[in-house]
Amino acid sequence: MPPSDHDHSLVQLLAGWLPKQRWFGGKDGPIDDLTIDTATQLRTGDPVLHHLILDVHQNGTTDHYQLLLGTRQHLPDRLRPVEIGKPTVGHGIDGHVYDAVHDPELARTLLAAMADEATVGPLRFRRAPGAELRTDLDGIPISAEQSNTSLVFGDAYICKLFRRLSPGVNPDLEVNLALARQGSPHVPAVHGWVEMEPGTGDEPVTLALLSEFLRSASDGWQLALTSARDWLAQPSQPGLAADLVPGDAGGDFAAEAERLGAATAEVHRALAAAFGETRTRPEDVRDTVFAMNDQLDRVNAAVPEIRPHAHAIRGAFDALAARAEALTVQRVHGDYHLGQVLRTDSGWTLLDFEGEPARTPAERRAPAHPLRDVAGMLRSFEYAARFLIARDADLPPDTAEALELRARAWAARNRAAFRTGYAAAGGPDPDANAALLRAFEFDKAVYEVHYEARNRPSWLPIPLRSLAHLAE
Ligand SMILES: Nc1ncnc2c1ncn2[C@@H]1O[C@H](COP(=O)(O)OP(=O)(O)O)[C@@H](O)[C@H]1O
Ligand SMILES: O=P(O)(O)O[C@H]1O[C@H](CO)[C@@H](O[C@H]2O[C@H](CO)[C@@H](O)[C@H](O)[C@H]2O)[C@H](O)[C@H]1O
């Protein structure tokens, strides 16, 4: 429904704007219809801050998205790049409408409302027990590759606005609070949250989470990329059996990878203590494998590039099915990768316990084997190793082949270090559960192929290349 020259209703403008947003999850197909579910004014005057929940109808399903819109009668130049339009029919919202997360003056409203524990219309702003909130800080959106939108306030807080809303308490809030209660040192402190008043008998829907901002932390993905870049740039050493001697390359990441493995096992233990663990029946493995094959079928139909690898992938799933055994399952991270971990002065911190954005809320909460997370992180080492080379289609074949060998060596070294750290800290030994781990890795790679084809097509060669390697 793109807006025409004559029709500038707010709904039409939003329908044109939404699919261009990084966090919009419905890029697979057109928007069939869009309606405003709730509209709440969080700040009056000029500028005005509006909170909207949109019902987006696509392909027979309805998703709910949260927006913060600003309106001003005169738009300053600095906000022009984030203008959505000037609706002629605005459903009570008029003036220049823009994406309010880019307006620090409006973002402050959120902090003030959490400090006051305000209730505005159906929105409840909550302060974590014992938290003292500063309200004098401007909020600036971060420019991360994200499924949501996060605003950093000064260097004190980070507020994540969940974009596609799921019923009930968001697992990120739920798990962060639970791990804090366990005394885990591997999660940032929760300072507050925003929720939507529930209907009778329902749980409140979490809209935003305010956490401690870890100002001196480095992103695991960036750290790993720096190391991989150094490794790939090393001059080759003719005459040596191995192209590179481990540790000779600058910026070796293996010690960090090992510490990350240990932190992961510690968080898994804390999750098991907080949410419990259960033993599955041996035949339940078949359901897991069924779900893996089902995802593969769907991705196979949607992304033809995966088809050459389908046979090897099914082989790994069959090998798991053949070993029907009871598994101990528990709450896990669910979408674990290097972009979800931060290295602080005191160690690794884990973020974003929401699970994979495309899964249903029930799937995200479902207990799983902890090696699922291990597989996720192992895949991430594959990504970091190939990020600098896989997207460059112009590399001469010789160079591409030589770099692929280097990438493999970097990934192998860091994957091994991570597994060692994980097992040494008491996690189920990845090497003793090779069939399970391999099936989980393939399953994650299938998910990634679909994720990249939908969201970042230029990244698609990364999971495809590593699939080719995994399948060998
Ligand atoms: N507490 C924090 N301190 C510092 N940076 C953070 C914090 N939480 C998140 N970030 C940064 O924001 C990015 C996105 O956060 P994340 O929770 O993964 O959002 P999303 O669910 O949208 O992917 C992270 O990769 C990290 O760089
Ligand atoms: O962090 P999110 O919860 O939004 O997770 C989604 O996006 C991730 C990318 O931002 C995606 O992760 C994939 O790309 C990473 C590099 O950007 C890589 O390290 C991961 O291994 C790879 O899976 C994630 O799969 C997706 O759910």
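Counting starts at 1 for both ligands and their atoms, following the listed order.
Minimum interatomic distance between Leu378 and Phe418 (heavy atoms only, all atoms of both residues): CD2-CD2, 4.0 Å. Minimum interatomic distance between Ser466 and Arg386 (heavy atoms only, all atoms of both residues): CB-NH1, 3.4 Å. Of all non-hydrogen atoms in Val152 and Gly154, the two that sit nearest each other are CG1-O, 3.2 Å.
Residues Arg163 and Thr149 bring a donor and an acceptor atom of their side chains to less than 3.5 Å of each other. Side-chain atoms of Asn176 and Asp172 include a donor-acceptor pair closer than 3.5 Å. Using modelled atom types, one finds a donor on one side chain and an acceptor on the other under 3.5 Å when comparing Glu354 with Asn148. Judged purely by distance below 3.5 Å, without hydrogens or angles, the side chains of Trp193 and Thr206 never pair a donor atom with an acceptor atom.
Judged by the shortest distance from any of its heavy atoms, Gln340 lies inside the 4.0 Å radius around the atoms of ligand 2. Residue Arg22 places a heavy atom under 4.0 Å from ligand 2. For the ligand labelled ligand 1, residue Gly339 lies inside the 4.0 Å heavy-atom shell.
Contact atoms of ligand 1 toward Pro188: 1 (N) (distance under 4.0 Å to a heavy atom of the residue). Atoms of ligand 1 found under 4.0 Å from any heavy atom of Glu354, numbered from 1 in the order shown, are 21 (O). Listed by atom number, the atoms of ligand 1 under 4.0 Å from Gln340 heavy atoms are 18 (O). Close contacts between ligand 1 and Ile142 involve ligand atoms 11 (C), 12 (O), 13 (C) [criterion: under 4.0 Å to a heavy atom]. Taking a cut-off of under 4.0 Å to the non-hydrogen atoms of Ser147, the atoms of ligand 2 that pass are 2 (P), 3 (O), 4 (O). Below 4.0 Å from some heavy atom of Trp459 lie the following atoms of ligand 2, by number and element: 16 (C), 17 (O).
By the 4.0 Å N-to-carboxylate-O rule, Arg314 lies close enough to Asp297 to be salt-bridged with it. In this structure, Glu174 pairs ionically with Arg331, as a charged nitrogen and a carboxylate oxygen lie closer than 4.0 Å. Comment: Glu356 engages Lys444 in a salt bridge, judged by a side-chain N to carboxylate O separation of less than 4.0 angstrom.
Remark: ligand 1 and Leu214 share an N or O pair separated by less than 3.5 Å (distance only, no angle test). Taking only nitrogen or oxygen atoms, main chain and side chain alike, Ser147 reaches within less than 3.5 Å of ligand 1. Checked against a 3.5 angstrom limit, the closest N/O atoms of Asp172 and ligand 1 fall outside it. In terms of polar-atom proximity, Ser380 is counted as a contact of ligand 2, with an N or O under 3.5 Å from an N or O of the ligand. Inclusion of Glu212 in the set of residues having an N or O under 3.5 Å from an N or O of ligand 1 is warranted. In terms of polar-atom proximity, Lys160 is counted as a contact of ligand 1, with an N or O under 3.5 Å from an N or O of the ligand.
Note on ring orientation: taking the six-membered ring where Trp is involved, the planes of Trp23 and Trp17 are perpendicular (angle over 60°, cut-offs 30° and 60°).
Among Asp352, Thr349, Asp219, the residue whose heavy atom lies nearest to atom 27 (O) of ligand 1 is Asp219. The heavy atom nearest to atom 7 (O) of ligand 2, considering only Trp221, Tyr447, Tyr451, is found in Tyr451. For atom 2 (P) of ligand 2, the nearest non-hydrogen atom from the set Asp172, Asp335, Ile462, Leu378 comes from Asp335. Closest to atom 14 (O) of ligand 2 by heavy atom, among Glu448, His337, Arg456, Arg379, is Arg456.
At a heavy-atom cutoff of 4.0 Å, ligand 1 is contacted by the side chain of Leu342 but not by its backbone. Residue contacts with ligand 1, taken as heavy atom pairs separated by less than 4.0 Å, involve Leu351 solely via side-chain atoms from C-beta onward. Residue contacts with ligand 2, taken as heavy atom pairs separated by less than 4.0 Å, involve Asp352 solely via side-chain atoms from C-beta onward.
Tyr422 and His268 have their aromatic ring centers within a separation under 6.0 angstrom.
Taking a 6.0 Å sphere around CG of Asp294, one finds it holds more than 12 heavy atoms contributed by other residues, nucleotides or ligands.
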